[in-house]
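Read the structure below first, then the notes.
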Amino acid sequence: MATAHDLVRSAVWAAELAEDEIERARRGFTERSFSKGSYVCHRGDKLDYWTGVVTGLVKISAISRSGKAMTFAGAGPGGWFGEGSVLKDEPRKYDLVAIRDTRLAMLNKSTFFWLYENSTGFNRFLVRQLNERMGQFIATIEYDRILDPKARVARNLSWLFNPVLYPGAGGHIEITQEELGLLAGVSRQVANRSLQALEEEGLLKVEHERITVLDLDRLSKYDG
DNA sequence: TCATTAAATTGTT
DNA sequence: AACAATTTAATGA
């Protein structure tokens with residue numbers, strides 16, 4: 001079974017770190033499990049950990065001013081998040097929900113800051129990650145106005161294939177239509193229909209418990 | 001290796 | 001939400 005220990009070795013950000021830095025990071029981790037449907041953290045909570053997904057799937061969402069729930073990102077195995085809240089020492093601005101049974105590797109604040117102060121490799125990773133998130137956030141601004149459920153499903157899917165934020169995925173991802181529905185904020189039925197329509201348009205291929213993306217570029221820009 | 005069964009996922013109404 | 005069909009995983013011959 002995969003552990004936080006394994007995760008650190010294979011983590012993208014560890015590739016540029018020196019051995020002693022990796023060892024230091026490893027000691028700063030604790031591992032926690034969350035069952036399907038449970039909250040990792042509510043909006044407004046103080047959570048002083050930088051977090052990586054060992055196994056499972058996490059939804060990162062917030063409630064817009066109009067009261068609509070909207071998802072900013074999904075994180076699967078190999079995905080990392082929370083650097084913003086730890087760096088700025090503020091409460092979380094988003095809800096974190098485990099969409100399936102999930103195990104998380106959580107790095108304590110002091111170790112995170114030690115890496116931040118001492119490791120250029122870690123900083124290179126942070127810059128890349130923040131930059132990538134910025135790009136996704138820009139795309140999300142208009143997302144609030146998009147009502148077409150097909151487009152919501154398409155964009156949420158494309159996020160999961162972001163090679164920087166979600167390095168675990170190659171050309172395909174293991175996700176059920178129910179889970180994708182939870183991510184996109186649509187019912188399972190609608191997720192099902194949307195996927196079939198998107199398959200018709202040649203953007204992806206639907207298989208059992210798995211989705212293969214054929215045209216990530218068009219998927220990420222999909223607007224109906 | 002193959003058949004049977006239970007559980008999960010998907011397709012449809 | 002309910003139901004049928006399909007796929008997977010587990011079990012044992």
Before accepting this row, confirm whether a basic side-chain N of the pair A:R124/A:E16 lies closer than 4.0 Å to the acidic partner's carboxylate O.
yes
Could you measure the distance from the CG atom of A:L160 to the CD1 atom of A:I211? Nearest 0.5 Å is fine.
9.0 Å
Spacing of A:L195 atom CG relative to B:dT12 atom C1', expressed in whole Å
15 Å
Pair A:E199 + A:K205: basic N to acidic O under 4.0 Å:
no
Is the closest basic N to carboxylate O distance between A:E19 and A:R24 below 4.0 Å?
no
Would you kindly give the CD-to-C1' distance between A:E207 and C:dT8, to the nearest whole Å?
14 Å
Carboxylate-amine/guanidinium proximity below 4.0 Å for A:K88 and A:E83:
no
Nearest-Å distance, CD (A:Q177) to P (C:dT6)?
15 Å
Provide, to the nearest angstrom, the distance between the CG atom belonging to A:L182 and the P atom belonging to B:dT9.
12 Å
Under 3.5 Å, N/O pairs linking protein and nucleotides 3-8 of chain B:
none

Are A:K59 and A:D95 within salt-bridge range, i.e. N to O under 4.0 Å?
no
Phosphate oxygens OP1/OP2 of B:dT12: is one of them under 4.0 Å from a side-chain N or O of A:Q196?
yes
Looking at B:dT12, C:dT7, B:dG11, which one has an atom nearest to any side-chain atom of A:R193?
B:dT12
Grab the CD-C1' distance between A:E179 and B:dT10 for me, whole Å please.
13 Å
Taken to the nearest whole Å, CZ/A:R210 to P/C:dA9 is 11 Å
A:K36 NZ to B:dT9 P, straight-line distance once rounded to whole Å
6 Å
Just the rounded figure in Å: distance from P of B:dG11 to NE2 of A:H208.
11 Å
